[in-house]
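Note that the structure is predicted; figures quoted are calculated from it, not measured. All values below come from the heavy atoms of this structure, side chains included, with hydrogens, waters and symmetry mates left out.
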Amino acid sequence: MRLPRKPLCLFLIALYGLFSLYAAYHVFFGRRRGAPAASSRGLRKGAAPARERRGRDQSTLRSEEWNPWEVDEKNEQRHRFKTSLQILNKPTKGKTDFRVQIWGKAAIGLYLWEHIFEGSLDPADVTAQWREGNTIVGRTHYSFITGPGVVPGYFSVDVNNVVLILNGREKAKVFYATQWLLYAQNLVQTRQLQHLAVVLLGSEQCSNEWISRFLRKNGGSVELLFLVYDSPWVNDVDVFQWPLGVATYRNFPVVEASWSMLHNERPYLCNFLGTVYENSSRQALMNILKQDGNDKLCWVSAREQWQPQETNESLKSYQDALLQSDLTLCPAGVNTECYRIYEACSYGSVPVVEDVMTAGSCGNTSAHHSAPLQLLKSMDAPFIFIKSWKELPAILEKEKTIILQEKIQRRKMLLHWYQNFKTELKMRFTNILESSFLMNNKG
């Protein structure tokens, strides 16, 4: 007996439709019921999966159940988290999108960006022609550009606020810095830039008269000047002191503190690796170290001529000396402030600083009266300050009596101070820019 063809076809179509609905229900609803519990919270520690899944690696199932929407959910969570951070970072009053571009045309720019701002650069290759990075501090969006490819007139300027980092230590550097200042001043005068600040590695004798004509108070375009060394110009109004920092031009790195750095016994009481100039206090230091045989207890490596560049071997040797010494001897050079002070802090080796004024125009200012090293002293640097290296033998004798636990606490205190020092500088720098540039915008 043959069934009628038409009813049979209708029955099959209806059956197919029901099966399709059933399959769709399980795919789109059945999976999603179980997924959130597993994907958002995971299985309890030590609990077995709810059921076995054929062909799946058991180790991958112990932590969470597979969820086809997991990627979208995680992306949505990241987006919500990022949005929350942006809301938290928004100030309650005033402009919320304050942008500053930093043009790093001196090695101290890397200390500002990588050490103080803790920013990264792309590409990481230090020999690259163009490197850039971005970071946010408070309500200020910073961008940073550096490298030989950053040349006046050969890159687009699409910001209103610029910080120019320059080297004015030597005559040749001053000429180069002047060209940049003339270029930036022209941008301000033609209204392509609104505000200009400068971070300057000044003369070690504080002879910086060449930049005076570029300052706003003298008819120029530089509203704020952050100046390295104890310049008498520092007034904390439009001229501020800035730290020398580490020798980034010698590729001194950002140092991350480790357990061993804090807790290991260090084999040397002190270290000094550097150039010894004839008839200098450094020569007196070497003589004093030899008198009582303390040079045998310290890592000492002296040279007669200054070397601008480090080899990989000499840099490693220097870093090892800092890491393996409780104290780092910091004799004055042409200026009292030296890279060694900050490099010792990076490794938790207490700087022993020769606290004497050097020749030149540096000294007390209207804002500070504790030259030299006014900035460090104003921030309570936990260093050992001495007026003469004749004080060193007594310091080393005392050092021999300090137990390891006390040294560990001292290292922690030094590293903590140094981190706070950099953070405080970052916030001060940002607050000064915001208050000056934004106030002038209102005016």
message = If we check side-chain contact (heavy atoms from CB on, under 4.5 Å) with Y347, which of these qualifies: L323, L415, T328, L414?
response = L323
task = Sort out for me which residue in R169, Q241, Q374 forms a side-chain hydrogen bond (donor to acceptor under 3.5 Å, both in side chains) with Y229.
result = R169
task = Please check if atom CD in Q189 has more than 12 non-hydrogen atoms from other residues, nucleotides or ligands closer than 6.0 Å.
result = yes
query = Is the count of non-hydrogen atoms from other residues, nucleotides or ligands lying under 6.0 Å from E256 atom CD greater than 12?
reply = no
Pair [X] + [Y], salt bridge at N-O below 4.0 Å:
X	Y	value
D326	K407	yes
E343	R340	no
R410	E399	yes
D295	K290	no
R216	D238	no
E424	R428	yes

Would you confirm whether [X], through its side chain, and [Y], through its main-chain N or O, come within 3.5 Å as a donor-acceptor pair?
X	Y	value
D230	L373	yes
N186	L182	no
S346	Y342	yes
W417	M379	yes

message = Both conditions, 6.0 Å and 45 degrees, for the charged tip of K377 above the ring of F385: are they met here?
response = yes
message = In this structure, is the centre-to-centre distance between the rings of F155 and W103 below 6.0 Å?
response = yes
message = Measuring centre to centre across the rings, with the benzene-like ring taken for any Trp, is F226 within less than 6.0 Å of F429?
response = yes
query = Can you list the steps and then say if R303 with T275 is a side chain to side chain donor-acceptor pair (under 3.5 Å)?
reply = CA-CA 5 Å; R303 60 193 180 205; T275 309; 3.2 Å; yes
message = Does either side chain, that of E354 or that of W389, offer a donor lying less than 3.5 Å from an acceptor on the other one?
response = yes
